[in-house]
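One structure is given below, encoded as structure tokens.
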Protein chains: 2
Amino acid sequence: MMASVTGTGESVSAASLRRLPSYRQYLKVLQGMGREVVSCSHIGQALKLNPTQVRKDLAVTGIVGRPKVGYETEALIEAIESFLGWNNLNQAFLVGVGSMGTALLGYDQFNHYGLKIVAAFDNNPSLIGQKIHGHEVLSLDKLTDLAARMHVLVGILTVPAQAAQSVANLMIFGGIRAIWNFAPAPIEVPEGMVVQTEDLFSGFAVLSSRLAEVMGIRRKAGVNADANRR
Amino acid sequence: MMASVTGTGESVSAASLRRLPSYRQYLKVLQGMGREVVSCSHIGQALKLNPTQVRKDLAVTGIVGRPKVGYETEALIEAIESFLGWNNLNQAFLVGVGSMGTALLGYDQFNHYGLKIVAAFDNNPSLIGQKIHGHEVLSLDKLTDLAARMHVLVGILTVPAQAAQSVANLMIFGGIRAIWNFAPAPIEVPEGMVVQTEDLFSGFAVLSSRLAEVMGIRRKAGVNADANRR
DNA sequence: TAGATTGTTAATCGATTAACAATC
DNA sequence: TAGATTGTTAATCGATTAACAATC
């Protein structure tokens, strides 16, 4: 089979991409246990996924397995990391040193995910100049210039919703190409840029709804105990 | 049309549930601007979603709109919150006062999401007894008993992967019915319990992959560098 | 070898989007 | 009224799962 480059056209589905980190996580556990090869059915069983789905997901990384045997654990981990670009470090700026920003600054495993937070920014004077988890907090108006000079590609946005777009604009002007957005607001960026918006509460909505279901306390709006025709 | 209670059978898709918080968020903004009614096309435009999809999502809450007019902003917000159970407070325990746990303890808006963290737990002696964002940290071995006595229904799991299952078991024994799991590990729970596992890095994997794409540095494993045009 | 597992194509399933009648 | 918008059914799209030949 010919070498295939994942070019502009054939984009991998977000659903597959989102599962790759959990494969990697589990493979690391297996690796720590000294397991040298692993099959899709084994992975699927541990992660409660269909083995065919696992196989297709892994295939996007370009890994080739051996029939009857499976995949080499080591090679598989490397294929995932290489596919995601996690084996070489991207510099990142973080803006907004609130609770979420502080948590991310304190996370010391980012280097295993190809990410190095090289500076933190805020516009709160009482934070500027302070060191948070070893990162000095800089003034927001240094962001654009510094991003451009350091060729920073990744911006982490942990500001309140109202500030999201204006800070994103600063990042864009500074040449940042990908924004990891934790603000609960959609942001506009030019064509060709990457935005990944995380909403903590989207997952919580699923939990809330399922809990209401199992507790049997779910009623639709406006529905009274008896009949609600109209 | 008959009144319909969303009972055990007809479960709403997770995809729809995950979008409800962003509708709510945007509706709050509109409400703050004094807007009294809103149409699906308006919401869809702001959030970049198909209007029919918005309509279907909102329909799960039981809200009824008026043709040619739309939905009452106020009523729509309430319908979403009521559907998700966010209008009455659930008590929650948080276990694992690391960076993520601390961030969540510091988030003061949970009461708008129907959640009140009433206690924090850790097994680190240097943390026990301390106050973190106003929450005293208790010893882990008090969890099960206290959960049962206080009838706590929600557990927030912010511990390392290795500890996830054993702490989850403590929660289960204490009668907790829903676990919001931030540990990068799948956990096993009995039938009828709710688990919502969040993986911060699943979103980051999407970002990483898209960034590698737009930067043109994506190669599949085993593919050599040469024929990588465009 | 026989059987387990891969890689891949086909079938199924579910979610999204389009179409359209009802309606204020 | 005319036209915009809802509610709902039908069509489309994409992701998941099943089937199966190739293979070590």
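Protein chains get the first letters and strands the later ones, always in sequence-line order, with residue 1 at the start of each.
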Spacing between B:L58 atom CG and D:dT5 atom P, to the nearest angstrom: 15 Å
Quick one: which of C:dG3, C:dC24, D:dT6 gets closest to the side chain of A:K68? C:dG3
When you check every protein heavy atom under 4.0 Å of nucleotides 9-19 of chain D, what one-letter string (B, S, -) results, 5' to 3'? BB----SSBB-
Atom-pair distance (CD on A:Q45; C1' on C:dT5), nearest Å: 14 Å
Counting C-beta onward and ignoring hydrogens, is there a side-chain heavy-atom pair between B:I156 and B:L115 closer than 4.5 Å? yes
Can you check whether A:E198 reaches A:Q196 side chain to side chain, under 4.5 Å on heavy atoms? yes
Could you tell me whether the side chain of B:S11 reaches within less than 4.5 Å of the side chain of A:E213, counting heavy atoms only? yes
Parsed dot-bracket for DNA chain D after applying the Watson-Crick and G-U rules with both distances under 3.5 Å and | for other-strand partners is ..||||||||||||||||||||||
Under 6.0 Å between ring centres, would you say that holds for B:F201 and A:Y113? yes
What's the OH-C1' distance between A:Y71 and D:dC24, to the nearest Å? 14 Å
Between B:H112 and B:R24, which heavy-atom pair has the shortest distance, and what is it? O-NH2, 3.2 Å
With a 4.5 Å heavy-atom cut-off, do B:R177 and A:L211 have their side chains touching? yes
Does anything in residues 153-166 of chain A pair up under side chain to side chain donor-acceptor pair (under 3.5 Å), and if so which pairs, sequence neighbours excluded? A:Q165-A:N169
Check the distance between D:dT5's P and B:L76's CG and give it to me in whole angstrom. 15 Å
Between B:I43 and B:L58, is there a side-chain heavy-atom distance shorter than 4.5 Å? yes
Please report the distance, rounded to the nearest Å, between CD1 in A:I63 and P in C:dG7. 9 Å
Output the single nucleotide from D:dA4, D:dG7, C:dT6 whose closest atom is nearest the side chain of A:C40. C:dT6
